[in-house]
Amino acid sequence: MKKINCLIVDDEELARNLVENYIGRLQHLQIVGKCANPLEAMQVLQEEKVDIMFLDIQMPELTGVEFLKTLPYKPMVIFTTAYKEYAIQSYELAAVDYLLKPFRFERFLQAVNKASKLLKAEQEVGPQQIVEQPTKNEEGSKDYILVKSDFKVFRMFYKDILCIESMKEYVAYHTKDGRTLSLYSLKKLQQELPADKFMRIHKSHIVNINMVSALEGNMVHLGDKRIPIGSSYKDEVLKRIF
């Protein structure tokens, strides 16, 4: 079995030793470098093939986040930090996982398994995203959107989407089966979704026009969901939907 090359980057010796100890318990992992700062890590990355980098965030001179942004090629990254407020930034940088110190071996193993699974998939299909021929509907246009969530890419069909809700840095796609969160903006979605199928009715909501079943005051019904209509959108809602 081919070993997975790991790089540890942390300015605290005890933290480096803990990750080294955890890696030593797993036969399919091997350490190619232990670094106290990003500059040392940069040298290792130039000399060794690194599959997984265990990266601290709060380090002097250059933070882990700043370091990661400088890399033209990024290995799988598992952040190790004592500060939970960096979780959103780690998601934006497509980190595999975010380990909050002090973390136990069980949690470490969970992160490693996730990274190993992604590495295996990348080796099987290549690092580039698979480009599939879009499904066509009867008019000949694409009838789905690709949604990145939880390190996966989902094909979400327009007909299954009830509405899309803005949640600060994220958007939530609501379907009959539940909710899918993705790092994106409602403004960009409004430009990308087909205007004949979707409409923004509030600063925080886009609805599937075909899913709207009723109007009640300043609310529209989509199944058992009730979505508010923004005052600046109401005239257009009445014109296009009712």
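Residues: numbered from 1 along the sequence shown.
Put simply, the side chain of S182 never gets that close to the backbone of Y184: no donor and acceptor are under 3.5 Å apart. Although no hydrogens or angles enter the test, the distance criterion places no donor-acceptor pair under 3.5 Å between the side chain of E48 and the main chain of V44. Side chain of S116 to backbone of V112: a donor-acceptor contact under 3.5 angstrom is found. Panel note: side chain N208, backbone Y158; a donor-acceptor pair is recorded below 3.5 Å. At least one donor-acceptor pair closer than 3.5 Å links the side chain of R200 to the backbone N or O of K203.
Taking the six-membered ring where tryptophan is involved, the planes of F54 and F108 are essentially parallel, since the angle between them stays under 30° and well short of 60°.
In this structure, a donor-acceptor pair under 3.5 Å is present between the side chains of N5 and Q30. Between the side chains of E165 and Y170, no donor-acceptor pair is found at a separation under 3.5 Å. For Q43 and E47, the side-chain atoms include at least one donor-acceptor pair closer than 3.5 Å.
Considering only heavy atoms from C-beta on, L189 comes within 4.5 Å of I145 through its side chain.
Between F154 and Y173, the distance from one ring center to the other does not fall under 6.0 angstrom.
Sorted by first and then second residue, the pairs that involve residues 210-225 and meet side-chain hydrogen bond (donor to acceptor under 3.5 Å, both in side chains), not counting sequence neighbours, are E216-H221, N218-K234, H221-R226.
Counted within 6.0 Å of CD on Q46, heavy atoms from surrounding residues, nucleotides or ligands total more than 12; the atom is thus considered enclosed. Within a 6.0 Å radius of CZ in R179, other residues, nucleotides and ligands contribute 12 heavy atoms or fewer.
Qualifying salt bridge (Lys or Arg N to Asp or Glu O under 4.0 Å) partners for E20, counting only residues two or more places apart in sequence or in other chains: K34.
In terms of heavy atoms, E40 sits closest to C35 at OE1-CA, 3.4 Å.
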